[in-house]
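Structure, as structure tokens:
The figures that follow rest on heavy atoms only: side chains count, while hydrogens, waters and symmetry mates do not. Note that the coordinates shown come from a computational prediction; the quantities given were computed from them, not determined experimentally.
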Amino acid sequence: MGADLVLALLDAANFVLAIILVAMGLMVVFGMMRIINMAHGELFLLGAYALLVVQGLGGSFWLALVLGPLAVGLVGWLLEVLVIRHLYGRVLDSILATWGLSLLIRQAVILWFGPQSKVVAAPFDLRLDIMGQPFPAYRLFIMAVSLIVILFCFWLFHRTRLGLAARATIADRATAEAMGIDSRGLDRLTFAFGAGLAGLAGVVMAPLLSVDPQMGLGFLIPAFLAILTGGAGELMGVVTGGVVVGGSQSLVARVASPAVAELVVLGLAILVIRLLPNGLVGHFRQRR
Amino acid sequence: MKRQRLVQGFVWAGLALLPLFIGEWQVLQLAQFLTYGLFAMSLALAWGRLGLLSFGQALFFGLGAYAMALATMGRLPGLEAWPSSWLGLALACLVPWSVAQLLGFFLFHGRGLRGAYFGITMLALAVLAERLTQGAGWLGGLNGLIGVPPLALGLDGGGPVLFDALPTYWVMLGVAFAVFVGLEALLASSRGLAMTAVRENEDRLGYLGYDVAAIKRHGFALSAAIAGLAGGLFASQFGFVSPKLIGFGLSAEVLIWTALGGREMLLAAFLGALLLSWTETVLAGLLGAYWLLALAGLLVLSVLFFERGFVAGILTFIAEGRRPGRR
């Protein structure tokens with residue numbers, strides 16, 4: 001019984017951190033640029049396929065871990081220059097256009113790699129013994145990566161000059177520009193950074209999933225729900241939302257079925273949005 | 001305005017005469033696309049008029065289709081002996097309408113769910129509905145329900161049946177035309193003006209004393225009922241319903257039809273659905289996966305540079321002799 005509980009909690013923590021890992025880039029782009037990036041799931045997908053390509057060429061997982069985020073970040077940079085920069089201040093249009101981009105990328109992946117799902121290898125196949133139950137060490141690795149990403153983002157946006165400049169641009173673009181901040185450069189950088197995070201998530205998660213062109217959507221929705229429940233617009237929100245959404249989905253899936261768990265989570269998210277429109281974090285911040 | 005009505009009249013008249021010049025198989029296919037057109041009109045109402053970007057509109061289409069299938073196949077508990085098409089049509093409108101009312105109550109009232117969040121919630125709902133339908137044995141699971149009977153005119157499911165190509169086409173066109181006329185009348189009324197005002201600036205409308213949430217909720221429910229009607233009609237023509245009708249894929253398609261046709265003009269959205277579905281059947285074999293690639297590219301381009309939609313642009317050009325300006 002005790003082992004079951006520990007394992008359930010470990011599973012939940014694993015899922016929570018995975019969702020936060022995927023949602024982080026989404027949050028950075030939305031929080032900093034007010035762009036709802038529906039193509040985020042497909043950037044995640046590109047990360048996974050980057051791993052596939054690198055491994056296919058004989059490279060190692062660790063090489064892909066470096067190259068994948070860089071490549072996807074470059075794609076993000078291109079998208080910003082070609083499409084996203086026309087969309088600032090047009091939230092609804094940003095959804096529609098990035099969603100078109102997501103279809104475009106997914107379809108391009110289908111044309112290039114075919115619609116069937118592929119398998120990529122994890123860098124190590126170690127099983128740890130946790131209270132008498134085997135637990136794949138690779139999942140602990142994912143959790144560690146997610147924690148590092150969370151801490152890195154907090155550090156980047158709250159402790160560095162670059163992060164300060166990025167936040168200043170959001171708060172007041174004109175004043176920030178008057179202070180000599182290159183706001184266009186920051187836009188490109190922020191979007192590329194968000195895309196790179198998606199790529200990183202894709203590389204890291206791919207060995208646990210079947211890599212197929214539809215995999216982006218499955219993670220996009222919980223990631224969005226995490227941001228909505230937590231409170232859009234700040235890093236703390238995505239962490240809180242990830243815990244609520246990921247935790248409840250994982251635990252309900254254990255006692256009921258995965259479909260019921262999704263139903264419960266969606267219902268919960270709608271309730272939170274109805275009662276606390278600023279999300280959990282925003283709500284308690286206002287009360288203080 | 002007068003010339004615009006004239007153009008609309010010509011379009012509908014052309015559609016009514018069209019089946020006389022094409023083969024029977026094509027007429028049947030077009031009759032199916034007419035229900036897609038109706039579906040696109042429902043989205044144009046919610047999105048183009050109320051500014052509600054419903055990313056999961058197929059939820060309502062699918063609910064309508066399943067309601068129709070269950071009713072006419074005699075699978076509704078207690079109503080097995082009464083497989084009436086009329087009951088099916090009524091349920092196909094009522095079930096989505098009630099779901100939308102309920103959703104609207106949660107999503108629009110209070111401080112409410114603005115633009116983007118609403119779209120994502122609808123997307124999540126449609127994806128979830130597809131998954132739940134796949135697992136529901138009563139609804140046929142993954143295989144769906146095969147053998148939905150065609151529309152029967154008798155109250156108890158008997159009587160003459162709508163089966164031949166020409167009558168089916170004209171009945172579908174008639175329904176679409178009736179919905180079109182009704183919606184145009186609604187949109188021209190003061191109530192319709194309030195709906196457009198929601199899109200333009202809902203805060204200001206609220207200051208003027210309008211109950212914005214109620215306007216949104218009722219408009220959304222009307223749009224859902226029309227989508228459900230389209231789904232019901234589709235099911236009875238196609239003879240088959242499956243989880244695909246309720247989920248993400250079809251939601252995506254209707255959004256593209258409406259965006260490329262023209263979200264702010266009912267007729268443009270309607271024609272967009274018709275033209276794109278038609279082109280797809282002609283070109284899909286030729287282009288395969290490139291078709292969707294091209295559509296997605298067109299969608300991005302139209303959002304960036306031609307928000308009003310291509311068909312709407314052409315119609316406006318014909319009616320007014322000029323290019324429509326950007327909003």
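For A/Arg184, the CZ atom counts as densely surrounded, since its 6.0 Å shell holds more than 12 non-hydrogen atoms of other residues, nucleotides or ligands. Heavy atoms from other residues, nucleotides or ligands lying under 6.0 Å from CH2 of A/Trp77 number 12 at most. In this structure, A/Lys118 places its NZ atom where more than 12 heavy-atom neighbours from other residues, nucleotides or ligands lie under 6.0 Å away.
Every residue was checked against the ring pair (Phe, Tyr, Trp, His ring centres under 6.0 Å) condition with B/Tyr290, not counting sequence neighbours, and none meets it.
A pairwise comparison of heavy atoms in B/Val300 and A/Ala97 identifies CG2-O, 3.7 Å as the closest pair. Nearest heavy atoms, A/Gly100 versus B/Leu299: CA-CD2, 3.7 Å. The two atoms that bring B/Leu304 and A/Leu82 nearest to each other are CD1-O, 4.3 Å, heavy atoms only.
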Donor-acceptor pairs under 3.5 Å, side chain of residues 271-289 of chain B to any protein atom, not counting sequence neighbours: which ones?
from: B/Ser277; atom 1: OG; to: B/Ala273; atom 2: O; distance (Å): 2.6
from: B/Thr279; atom 1: OG1; to: B/Leu275; atom 2: O; distance (Å): 2.4
from: B/Thr281; atom 1: OG1; to: B/Trp278; atom 2: O; distance (Å): 2.6

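With chain B as partner, the option from A/Ile36, A/Leu101, A/Leu263 having the largest number of non-hydrogen pairs under 4.5 angstrom is A/Leu263.
Taken from CG in B/Leu255 to CH2 in A/Trp99, the straight-line distance is 5.0 Å, to the nearest 0.5 Å. How far CG of A/Leu96 is from CH2 of B/Trp47: 4.5 Å, rounded to the nearest 0.5 Å. Rounding to the nearest 0.5 Å places CD1 of B/Ile120 at 7.5 Å from CG of A/Leu220.
Scanning residues 239-255 of chain A against chain B with a 4.5 Å non-hydrogen threshold yields no residues. Within residues 103-116 of chain A, the residues having any heavy atom less than 4.5 Å from a heavy atom of chain B are, in residue-number order, A/Leu103, A/Leu104, A/Arg106, A/Gln107, A/Ala108, A/Leu111.
Looking at B/Ala252, both its backbone and its side chain come within 4.5 Å of chain A, counting heavy atoms on both sides. With a threshold of 4.5 angstrom between heavy atoms, B/Leu132 approaches chain A through side-chain atoms but not through N, CA, C or O. Heavy atoms closer than 4.5 Å to chain A are found in both the backbone and the side chain of B/Leu292. Contacts of B/Leu125 with chain A are made by both backbone and side-chain atoms, with heavy-atom separations under 4.5 Å.
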- Item | side-chain contact (heavy atoms from CB on, under 4.5 Å) between A/Ile95 and B/Phe55, worked out | CA-CA 10 Å; A/Ile95 305 190; B/Phe55 251 94; 3.1 Å; yes

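Using a 4.5 Å cut-off on side-chain heavy atoms (C-beta onward), A/Leu271 and B/Phe106 make contact.
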